Amino acid sequence: MSETEQAVAEGAAAEGPGEDLSSPADSGPAADDPAPSAPEPVEPGAAPPSDGTEATPAADPTTAKNGAPRPSAQETGRQAPRRETGDGGDFTRYQQARQQNALNKLKRSAVANGSGSAFYAEQLTLGADTGIEIQVLSVSALTVAQHLDSHQDVDQQAQMASRLAAQHVLVLAGQPGSGRQSTALKLLAGCCPDDSIKILHSEAQGILQALCRRADELLTPGGFVVDLDDQPVKLSTLETLGHLARKQRAFLVVIGEPGPVDPDRLRPHAVEHRRPALGDVLAVHLRRLLAGHPGACTQPDCTAEHTTAFISRMLESQQVQRTLDGAPSVRSVVEFADVLAQHVHAEDSSLGEVIGQWRDRLRRLAKQLLHVPAETSQSPVLDPHRQAFRIAYAFFHGHPLSDVFEAGEVLSATVLPRYETREPAPTNHVFERELDQLIPQEMRAGADATPGGRVDDNPRRARLVDEELMHAVIEVVWHDYDSLRDPLREWLTALVAGPLERIRVRAAQIAGILLSHDFDSVYRDLIRHWAGESAAYRQSAALALEMAAHDPRLVHRVRGQIRSWLSSPRWQLQDSAARAYGTLVGAQDVPDTLWALRELGSRPELAFSSSVAFSMSWLYLAGAPGPTADALDRWITSEDDHLSQHAIRTLLILSRYGAGPDRRDRPVLADTAMTDPDRADALVRLWRHALMGKDSSTRAWDLLRRWLLAGDADKELAAFLEVLVPRICARPLSLRAGFYLGMWAGRHPDSRTLRQLRPPPPRGGRATGSAS
C-alpha cells in the first residue's frame, strides 16, 4: 500500500495538502479507545509526526532498564515518507508482497486453517519479458519407493489414474497436508519409470503458463509434479498442457487448493483430493517403522508378536483416536507414528505423557532454541545477536536471508540494547557469525526435506525444519519471556515502517498471529496505535486484523473492531477501516463491505486517500467483479463528488491489470465488458469521467494508450476497442482524442489498432496537432 495519503495532482510535482487532513472532529476520542487522549496538533500541509497522534507504551520516551532515554518505536524504523501517485504501482507491490507472505497456510494452536486471499494480481504488461524462473528437481527412485510403500489410496484414485493415463495432465484439488504429493507420486509411478519423476517449482506466479511457453525445454518423457500453491488455473491452460505433454510423452500432476481450483469447472482434468483415513496412515507407518525392530532391539523379550500387539493396542486406544481426530495433516500423523514407535516398550499408562510430548514437541524445540545457557567463564552472556537472529529466522521463514539479516540486526542492535544492561559488551567478530553457528541444524530444513524441492534457492531463503515451528517460536516468545513483550512490540513497529513491502507484510502478519494468542493486550498496546499512525502503520493494522480473522473464534471481534474504526471521528481510524475492508475480511461479506466503503468514500476526511480505491480494486480482483463494478457505476454517476473521485481512482488502478494468466495483455475491465453490454456502458462512463478529470486526465489518457497497444496482440480486444473508444471519445472529448490518437500513431507506426481509430486528416492540409 501507499506510504502517504495524498493523491498527487496531474502535471504537478508532489505538492499539496499533507497527509493530515484533520477536521474539527478529529480531535475527539476514538470510538474504540478505552480512555480519550488528546492528539498532538499538526499544522495543515506538514508531514505527519513520526510518533503519531497516540503513543504506544513501547513508543513512549520513557527510561529503559539501563537508565538511558529510549526513543520511540517509530524512530527505530527507517520511515521514508513518500507521496501517493495513485497510479496503482503501490497497490501492485503491496499485492505481490501479500502473495509471497502466505502465512495463513501455517497452522499452529489457535491459528485457523484458512486458504487465505485467492486472487489474481498480475500487472498488465505490454511487450515485456514474461519469463519466470522454474526450478527442476529430480526425485530419486528410493524416495518414490518409500512413498509407494506407505501410501494409502484415497477416494477416486482408480479414476485419477485412468484420467492421467488418457489426458497426460491431472489436477488434484485438496487442502495442504492431505497427502496430495504422495498421491501424485503414486499416480506418476503408474505411468512412467520411478527414476524419471521430477518436481517443477517457481516462486513467481503463472508457472503453468510459463510451462506452456517452454514445454519443448522443460517437458521430457517422464512424470512431473507441479505445486500451484493458491494460484488459480483455467481449463484452456490445462487443455494446452495436456496437448503439449502428450506430444512430449510426459505426464503432469498439478497440485492445487480448493477455491482457486474448482474441480467442477475444470472437468475432466481436475479431481477433488480428500485425505485418506488417518487411522490407516498411522497403522501403515507403525508397521513400516517397527518391521525390523525385533532384530535390532536389545530388550530380551522383544519379538514380532510384541510389536504386532503394540500396534494393535495403539490403533484401538481412545487416546490415540482422539489425537488423530485433531491431527491437522497427514504429515503430522506420520510424525506421530514415529514418536509412538520410539516408545514401543513403554507402559500403556504413560501413553498420555507420550501424546503430550508429541503435541508440544515444537514448543519444546522453540524453548530449547531460545534458551540462554548457564553462565560460564568463557561466555558470561549468550551473544544477543544469535538469539535475535534465531527469532528473525523463525519469523521470516520462506524469506530471503537478506530479510532475516536485516530484521535480526534491527532487533539485536537497535531494540534489545534499550532493554538490557550488558557489561562487558560482547565482542563482535565478523567471521564468528556464520549461518551454521547462528542457526542450529535442528532448526533448519535439510536439502532433501525442503518442501517443493527448493534446494537451490536464489537468493537463499530461511527454511525451518517444520513450518509450524514459526508459530511455536511466536508462542514461546510471547508467553514464556515476559520481558520480551515490549521489545517484540517495538521491533514489529520498527519493521512495519521499513522500506520493503514484504518485510512490512510479514511483520503485520506476525502481529495478527499474536492477536490470536492475546487479542485484548496486543490490540490495546500495538494495533490500535498503528491504526492511528501514518499510512504504512494503518495498512499494517488492517493486515494484522486480516490475519487474526483466520481464527474462527476471532472473526466477530475483528469485524466489530473494523466497524468501530468506521464509526470513529478520527480520520486515521476511518482510513484504517477502509484498508481493512480490502482484505479477506471484506471478501467474506461483499454487500456489507460495499456499503461500508460507500459510507467511507462519501466522507470529506478521506477525499485525498486512495485506501477506498485500493479496497475496491482488491475486492474486484478477489472474486467479486460484478457487485464491485455495479457499485462503481453508481459512484461515478453520484452527485457526491467524493464518490466520483474514488471511482476514477479505482479505474486507474484496475486498468493496469490483466484478465488472467492466459490473457495477460487483455485488461481485466475490458475482458468483463466484452461479453456484457451493461458493463461496457458503465466502463464508458468511468473512462469519460477519468479522461475529463482535472487530476486524472493525464494518467487516464496514458492508460487508454496502453489498452490500444494491447489490442495489437489480441484481435478480440481490438474489435471491442474499435467500438468502445469512439463512444468514450465522443464530444466534448473528440478534439482532444484526435490529438492524442495522432500523436500515438506517430510514436507507434506499427500499431494496427491506432491506425484503425485515428481520424482521417482534415481536407486541404495536415492536422494542426493541437488540442483544446
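Every value quoted in this text rests on a predicted model; they were computed, and no experiment measured them. These values consider heavy atoms only, across backbone and side chains, with no hydrogens, waters or symmetry-generated copies.
Geometrically, R485 engages W478 in a cation-pi contact defined by less than 6.0 Å to the ring centre and at most 45° from the axis.
Atom CG of L600 sits about 12.0 Å away from atom CZ of R598, to the nearest 0.5 Å. Atom OH of Y537 sits about 12.5 Å away from atom NE2 of H529, to the nearest 0.5 Å. Taking CG of L464 as the start and NE2 of H471 as the end, the distance is 10.5 Å to the nearest 0.5 Å. To the nearest 0.5 Å, atoms CZ (R559) and CG (D589) are separated by 5.0 Å. Here L484 contributes atom CG and I391 contributes atom CD1; the two are 5.5 Å apart, rounded to the nearest 0.5 Å. Interatomic distance, D525 CG to D518 CG, rounded to the nearest 0.5 Å: 9.0 Å.
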Might you work through the ring-ring contact (aromatic ring centres under 6.0 Å, His included) test for W571 and F608, ending with a clear yes or no?
-> CA-CA 11 Å; W571 73 266; F608 290 95; over 10 Å; no
Give the C-alpha distance, both sets of side-chain angles, the deciding distance and a yes or no for side-chain contact (heavy atoms from CB on, under 4.5 Å) between L500 and E406.
-> CA-CA 11 Å; L500 288 180; E406 181 173 346; 4.2 Å; yes
Would you check, one step at a time, whether the test side-chain contact (heavy atoms from CB on, under 4.5 Å) holds for H646 with M616?
-> CA-CA 9 Å; H646 289 303; M616 290 292 287; over 6 Å; no
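By the side-chain contact (heavy atoms from CB on, under 4.5 Å) test, T593 is found to be paired with Y581, L597, L619, residues two or more places apart in sequence or in another chain being considered. In this view, A541 and I527, W530, A531, W565 satisfy the side-chain contact (heavy atoms from CB on, under 4.5 Å) rule, not counting sequence neighbours.
For the pair A511 and V522, the tightest heavy-atom approach, listed with the atom from each and the gap, is O-CG1, 4.0 Å. Closest non-hydrogen pair, D575 versus S611, comes out as OD1-OG, 2.7 Å. Residue V415 comes nearest to P487 through the heavy atom pair CG1-O, 3.5 Å, listed as atom of the first residue, atom of the second, then distance. Annotation for V473 and A394: closest pair CG2-CB, 3.8 Å, computed over non-hydrogen atoms. Closest of all the heavy-atom pairs between S602 and L643 is N-CD2, 3.9 Å. Here the shortest heavy-atom pairing between V404 and A462 reads CG2-CB, 3.8 Å.
A salt bridge links D520 to R557: at least one charged side-chain nitrogen sits closer than 4.0 Å to a carboxylate oxygen.
Side-chain contact between D592 and R563: present, with at least one pair of heavy atoms (C-beta onward) separated by less than 4.5 Å. For the pair L566/Q574, no side-chain contact is recorded, criterion being any heavy-atom separation below 4.5 Å from C-beta on. At least one side-chain heavy atom of F396 sits less than 4.5 Å from a side-chain heavy atom of L495. Side-chain contact between H397 and R461 is absent, with no heavy-atom pair separated by less than 4.5 Å. Between R489 and L514 there is no side-chain heavy-atom pair separated by less than 4.5 Å. Here the side chains of E533 and Q572 are not in contact, with every heavy-atom distance at 4.5 Å or above. Counting heavy atoms from C-beta outward, M470 and I513 have side chains that approach closer than 4.5 Å. Within the 4.5 Å cutoff, no side-chain heavy atoms of P552 are placed close to those of L554.
Using a 30° and 60° split on the angle between ring planes, Y393 and F389 fall in the tilted class, from 30° to 60°.
With hydrogens and angles ignored, the 3.5 Å screen pairs no side-chain donor or acceptor of R504 with any backbone N or O of A536. Remark: the backbone N or O of P400 is not paired with any side-chain donor or acceptor of R460 at under 3.5 angstrom. With hydrogens and angles disregarded, no donor-acceptor distance shorter than 3.5 Å links the side chain of S568 to the backbone of S564. Between the side chain of R649 and the backbone N or O of S609, at least one donor-acceptor pair lies under 3.5 Å. Between the side chain of T583 and the backbone N or O of L543, no donor-acceptor pair lies under 3.5 Å. Judged by distance alone, the side chain of W491 and the main-chain N or O of A407 form a donor-acceptor pair under 3.5 Å.
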